[in-house]
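Here's the structure, in structure tokens; my notes come after.
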Amino acid sequence: MIRFDASKVADCLCCDFLPECHMASTQIRDRRRTLHYRHELVRQMVQMKNRISGLLMETGLSYNKQRLHKVGYFRELLSTNEEVHESIRPLLRLSRDIIGQLQKMGYALFSSCSVTLCCQKESNGSTVPGVGPLIALTWALEIGDVSRFRSIRQAISYCGLCG
């Protein structure tokens with residue numbers, strides 16, 4: 001059975017019946033991996049922020065939800081609010097420190113991906129309204145070399161933007 005299948009595949013290859021498969025360059029794959037790792041760090045950061053909110057809600061402490069994760073407000077909340085239980089202060093500080101470290105790591109990973117790639121891709125300096133650097137970098141890494149598309153319709157179809 002295997003020999004028959006291999007024979008059919010070889011025949012299809014000879015007749016050019018099998019479609020081409022695009023393989024991104026090693027550089028692009030490495031940057032994609034880095035961007036996906038950054039995404040995981042952001043996910044962990046959101047989890048830590050939710051844990052902080054959960055700890056504060058669990059103890060019945062009132063706080064400003066919009067400002068909670070700003071460093072200044074967080075410090076002020078811990079230093080001036082005596083309603084914060086002593087048992088959760090170390091947990092809150094540790095969680096805030098972890099969020100800060102994750103933010104630094106995420107920024108460093110994003111910078112390492114975007115510095116060389118965006119300089120190469122964005123030679124004309126034009127921008128698309130509503131598309132920030134992260135979305136532009138993600139798109140550039142997922143698309144890869146745009147010259148592989150014969151038309152704009154193919155690129156749109158590849159992105160899943162057509163009906």
Side-chain angles (χ1 to χ4, degrees), residues 1-55 63-75 92-163:
M1 185 69 172
I2 293 174
R3 184 174 296 165
F4 175 75
D5 291 340
S7 172
K8 287 292 181 188
V9 169
D11 289 344
C12 288
L13 282 172
C14 288
C15 297
D16 204 22
F17 287 153
L18 294 178
E20 288 183 21
C21 177
H22 173 72
M23 182 70 169
S25 69
T26 305
Q27 178 187 21
I28 295 292
R29 289 194 317 268
D30 290 344
R31 284 187 168 75
R32 280 181 187 170
R33 188 178 311 110
T34 302
L35 199 61
H36 291 162
Y37 190 79
R38 181 203 167 273
H39 174 75
E40 286 301 312
L41 291 178
V42 170
R43 193 179 59 74
Q44 290 175 358
M45 191 169 37
V46 169
Q47 285 179 339
M48 291 306 294
K49 288 179 177 183
N50 290 339
R51 286 185 184 144
I52 288 174
S53 296
L55 282 171
Y63 59 93
N64 184 335
K65 292 178 184 177
Q66 283 78 28
R67 296 181 56 211
L68 176 62
H69 302 296
K70 305 240 186 273
V71 178
Y73 178 77
F74 190 80
R75 278 194 207 123
L92 292 171
R93 284 190 189 102
L94 177 65
S95 299
R96 182 62 219 165
D97 291 343
I98 290 171
I99 289 171
Q101 290 172 353
L102 290 172
Q103 283 175 330
K104 288 176 187 173
M105 289 169 40
Y107 180 75
L109 289 174
F110 175 72
S111 296
S112 71
C113 279
S114 63
V115 168
T116 54
L117 189 70
C118 285
C119 291
Q120 294 168 359
K121 298 279 183 191
E122 212 175 289
S123 58
N124 63 359
S126 64
T127 59
V128 177
V131 176
L134 182 61
I135 298 296
L137 177 63
T138 303
W139 187 84
L141 289 175
E142 291 302 323
I143 291 295
D145 183 18
V146 294
S147 64
R148 67 189 174 107
F149 299 108
R150 285 176 272 173
S151 69
I152 191 70
R153 294 181 82 108
Q154 278 187 333
I156 290 170
S157 175
Y158 178 83
C159 294
L161 299 174
C162 60

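A 6.0 Å sphere centred on OH of Y73 holds more than 12 heavy atoms belonging to other residues, nucleotides or ligands.
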Apply side chain to side chain contact (heavy atoms under 4.5 Å, CB included) to V9 and D5, showing your working. CA-CA 6 Å; V9 169; D5 291 340; 5.5 Å; no
Between S157 and F149, is a side chain to side chain contact (heavy atoms under 4.5 Å, CB included) present by the stated rule, with each step listed? CA-CA 10 Å; S157 175; F149 299 108; over 6 Å; no
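The CD atom of E142 sits 10.0 Å away from atom CG of L137, with the distance rounded to the nearest 0.5 Å. To the nearest 0.5 angstrom, S95 atom OG is 11.0 Å from N50 atom CG. Rounding to the nearest 0.5 Å gives a distance of 13.5 Å between CG of N64 and CZ of F74. Residue H69 holds its NE2 atom at 4.0 Å from OG of S53, rounded to the nearest 0.5 Å. The distance from atom CD of Q101 to atom CZ of R96, rounded to the nearest 0.5 Å, is 11.0 Å. A distance of 12.5 Å separates CG of D30 from CG of L35, quoted to the nearest 0.5 Å.
Side-chain contact between T34 and F110 is absent, with no heavy atoms from C-beta onward closer than 4.5 Å.
Residues D145 and R148 are not paired through a salt bridge, judged by the lack of any N-O separation under 4.0 Å between the basic side chain and the carboxylate.
Remark: side-chain polar atoms of R29 are paired, donor with acceptor, to backbone N or O of A24 under 3.5 angstrom. The closest donor-acceptor contact from the side chain of R32 to the backbone of T138 lies at 3.5 Å or more, if one exists at all. Between the Q154 side chain and the R150 main chain, a donor and an acceptor come within less than 3.5 Å of each other.
No cation-pi contact links R153 to Y158, judged by a cut-off of 6.0 Å to the six-membered ring centre and 45° from its axis.
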Show which side-chain atoms of residues 39-49 pair as donor or acceptor with protein atoms under 3.5 Å away, not counting sequence neighbours.
| residue | atom | partner | partner atom | Å |
| --- | --- | --- | --- | --- |
| E40 | OE1 | R43 | NE | 3.0 |
| E40 | OE1 | R43 | NH2 | 2.8 |

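Annotation for I28 and L141: closest pair CG2-O, 3.4 Å, computed over non-hydrogen atoms.
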